[in-house]
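Some notes on the structure that comes next.
Here is how names work: the chains are called A, B, and so on, in the same order as the sequence lines, proteins then strands, and each is numbered from 1. Side chains are part of it too, since the values below use all heavy atoms of this structure and drop only hydrogens, waters and symmetry mates. Keep in mind that this is a model prediction, so the values were computed, not measured.
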Amino acid sequence: MTSDPRVKDAGRLSVEERVVVLEEARQASALVLTMVYQDGTTQMDPEQKLVPLVCGVLVLLKKDLEQTGPGLEERLAPGDSVVYLRLEQNPAWAQSHPDHNLDLFTREMLLQATSGSQLVVCYKAKELLRTALQHQRPHLQWKQVSSCQIQDPQVAAWLLDPADPSSCFSDLLSKHYRRPPALGASKVSQVLSSLSLLYRLNMELQSKLQAQELWELYFNLELLMIPVLAAMESHRIHVDKEALRRTSQMLGAQMKQLEQEAHQAAGQMFLVSSSTQLRTVLFEKLRLQHRCENKNLPKTLNKQKHSTSEATLLQLQDLHPLPRIILEYRQVHKIKSTFVDGILSCMRGKVRTQGGFTQPISESFISSTWHQTSAVTGRISAKHPNFQALPRQPVKITKKQYVQGKEPEVVTVHPRSMFIPQDGCTFLAADFCQVELRLLAHLSSDPELLRVFHSPQTDVFTTLASQWKGVNKNEVSSEDREHAKRIVYSVVYGAGRERLSGILGVSAEQAGHFQDSFLHCYREVQTFIHSTIQQCHKQGYVVSIMGRRRTLPHVHSADWAIRMQAERQAVNFVVQGSAADLCKMAMIRIFTTVSTSTSLSARLLAQLHDELLYEVDDSQVEEFAVLVKNTMESLQHIDCLGVHLKVPLKVAVSSGKSWGSMSELHLPQTSHSSSS
DNA sequence: AGTCTTTCCGTCAGG
DNA sequence: TCCTGACGGAAA
């Protein structure tokens with residue numbers, strides 16, 4: 001890489017030459033970047049199993065934007081130059097020949113790319129940003145890159161077609177621009193032409209976004225999410241590792257015991273974790289299905305076999321002791337494998353290089369990877385671990401004591417309580433209350449639903465339950481309220497009465513009755529569903545409040561089931577996608593405010609769709625809570641994207657010394673809560 | 001024929 | 001009913 005004459009190796013430039021290159025970078029009309037890994041691949045090569053270590057960054061400095069001509073697409077234009085920045089793996093104090101001028105140059109170049117005002121392009125920009133933040137720590141702070149607007153073809157292509165599984169660079173090239181160049185040339189030549197093509201591809205995607213009216217969403221929302229996500233990944237959450245280890249051991253013992261009980265109840269040995277083997281025991285050996293013919297036992301989705309799901313086992317639990325044991329086993333198994341051992345395994349395997357030696361370390365900090373382009377609805381998702389799926393409620397486990405005169409011991413396990421703030425800090429969570437339902441009220445303009453949200457001091461689902469049941473608000477039980485919630489969402493997302501009856505535990509007839517009465521009470525909701533489907537049929541796609549779109553080719557399918565599914569997806573997308581828009585905008589607004597403040601230091605740790613989790617200095621909790629609440633509720637009106645909601649937004653803020661024990665923070669009323 | 005890897009399915013945590 | 005990701009077993 002560094003022996004090619006077309007590439008300027010920063011390490012071999014003189015101090016004077018570096019000054020010139022830096023000035024050139026500042027004057028360049030565009031910068032195109034890619035990370036280079038130790039195995040010689042770049043960000044534009046197809047994904048590998050194990051992400052190789054980063055060894056440097058290649059920067060293409062484009063002097064002139066409008067250079068076109070035969071053959072120029074994949075070759076360097078005259079006046080363009082390429083600089084290679086080697087990223088030193090060792091800290092400065094451990095280097096044999098520290099070159100402080102080179103460190104400074106690298107830092108300045110990265111700063112120019114991440115906070116400069118000219119056009120910057122990078123495929124998978126979030127990875128580059130996160131690497132820069134980690135590598136330059138503590139010299140490059142996340143606040144410094146908050147205004148960064150690196151363009152990313154992966155994000156652009158996803159907005160154009162969110163259903164397309166985020167494809168590799170060469171797939172994007174052939175889909176949106178032209179055939180990728182044939183292999184054969186040297187690796188350096190390939191990389192250089194890829195950089196040129198990356199620039200061209202970006203220009204092509206830019207005009208496609210403009211043509212589809214997606215440019216504003218891209219530029220004002222999705223691009224600004226990149227630094228937010230990069231910063232979120234570079235903040236680590238403290239985990240009580242010892243508590244996790246103890247819990248793992250305890251759950252292991254509990255599983256062994258439940259396994260024995262299951263074998264005894266079944267009268268044979270079998271693999272308790274296998275749904276196939278359990279099916280054989282329950283329905284071929286014990287023949288439990290014959291003893292509950294009045295009930296409608298669920299079947300598996302593909303091959304119409306008896307299901308062994310939770311719903312089935314709950315129906316069978318009075319006939320035999322086995323189903324209850326299995327339910328408990330599954331609960332313990334899920335907690336142990338995914339939320340205790342799973343989390344522990346995400347903390348291992350990281351390596352830190354120290355004085356030339358690479359040694360495995362086991363820190364008690366963790367950070368997820370956040371994905372911007374993996375959900376069709378525009379939501380973000382998390383992996384390794386999946387922070388968005390940690391159990392909300394603690395789980396009770398009864399340990400039977402085989403000692404005379406001892407009562408069974410009840411232990412509660414709560415994975416969220418393993419996450420704790422750093423010393424002197426507090427967790428603060430901000431939750432958008434019933435965003436999807438509020439958006440439904442806005443989208444449908446249903447007068448009754450709007451009225452519910454405009455009358456303050458009432459719980460929405462309680463009001464809904466009282467309206468549709470025709471009883472007084474204080475006569476509504478918590479069960480009624482829960483039912484109201486289920487009914488609302490089942491209607492909006494097109495669930496049949498069968499499905500609803502399964503969830504509520506009532507007859508299908510009664511479930512159907514509930515649905516009818518809901519739609520009768522809120523007529524415009526029905527109209528909204530119909531018009532959304534109609535619009536999808538007419539133009540082939542649907543749009544969220546901020547202009548996010550999803551094309552649904554299957555609405556034209558001749559197959560009834562396929563077509564109906566596409567129609568449900570259309571309705572769901574408009575509501576869920578709009579909620580995603582709002583939540584992203586909230587993250588960006590808060591990020592910008594904190595970044596431009598000299599005193600605030602709150603860090604975003606996680607996003608749980610409609611909830612944001614921050615780590616805040618103890619002394620700033622109140623101030624930040626007010627800021628977050630006001631910022632989020634003010635999103636009722638967003639001028640730059642033309643959003644004006646007919647409903648007020650409500651945000652609940654809570655804080656605590658562990659993620660498992662958060663209590664609501666009651667703040668003074670603000671002006672937004674009574675706006676109309 | 002036994003072992004390894006990959007893919008699919010069922011189940012369940014979240015919203 | 002929609003949208004995710006993780007895990008373990010079964011099949012390929």
From [options], pick the nucleotide closest to the side chain of [X]?
{"X": "A:P391", "options": "C:dG8, B:dG14, C:dG5", "result": "B:dG14"}
{"X": "A:R279", "options": "C:dA10, B:dT11, C:dT1", "result": "B:dT11"}
{"X": "A:Y493", "options": "B:dG15, C:dC2, C:dA10", "result": "C:dC2"}
{"X": "A:Q565", "options": "C:dC2, B:dT11, C:dA10", "result": "C:dC2"}
{"X": "A:R568", "options": "C:dT1, B:dG10, C:dC3", "result": "C:dT1"}
{"X": "A:Q277", "options": "B:dG14, C:dA10, C:dG5", "result": "C:dA10"}
{"X": "A:Q576", "options": "C:dC2, B:dT11, B:dG14", "result": "C:dC2"}
{"X": "A:S309", "options": "C:dG9, B:dC12, C:dC7", "result": "B:dC12"}
{"X": "A:S274", "options": "B:dG14, C:dG9, B:dC12", "result": "C:dG9"}

For [X] and [N], is the shortest distance between a side-chain N/O and OP1 or OP2 below 4.0 Å?
{"X": "A:S275", "N": "C:dG8", "value": "no"}
{"X": "A:R330", "N": "B:dC12", "value": "yes"}
{"X": "A:S490", "N": "C:dT1", "value": "no"}
{"X": "A:Q388", "N": "C:dC3", "value": "no"}
{"X": "A:T377", "N": "C:dC2", "value": "no"}
{"X": "A:T338", "N": "B:dC12", "value": "no"}
{"X": "A:T308", "N": "B:dG10", "value": "no"}
{"X": "A:S273", "N": "C:dG8", "value": "no"}
{"X": "A:R392", "N": "B:dG14", "value": "no"}

- [ ] Mind telling me whether A:F518 and A:Y522 have parallel, tilted or perpendicular rings, with 30° and 60° as the class edges?
- [x] tilted

Send over the distance from [X] [atom1] to [N] [atom2], rounded to a whole Å.
{"X": "A:N386", "N": "C:dT4", "atom1": "CG", "atom2": "P", "answer": "12 Å"}
{"X": "A:E436", "N": "C:dC3", "atom1": "CD", "atom2": "P", "answer": "12 Å"}
{"X": "A:I380", "N": "C:dT4", "atom1": "CD1", "atom2": "P", "answer": "14 Å"}
{"X": "A:I335", "N": "C:dC7", "atom1": "CD1", "atom2": "P", "answer": "14 Å"}
{"X": "A:L440", "N": "C:dT1", "atom1": "CG", "atom2": "C1'", "answer": "14 Å"}

TODO: Look only at the side chain of A:R563 and the backbone of A:H554, and say whether a donor-acceptor pair between them is shorter than 3.5 Å.
DONE: no

TODO: Run the numbers on A:K126 and A:E233 for salt bridge (Lys or Arg N to Asp or Glu O under 4.0 Å), then give the verdict.
DONE: CA-CA 9 Å; A:K126 186 200 70 182; A:E233 284 185 13; 2.6 Å; yes

Open item on the list: So A:F528 and A:V574, do their side chains get closer than 4.5 Å, heavy atoms only?
Closed with: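 The answer is yes; the side chains approach within 4.5 Å.
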
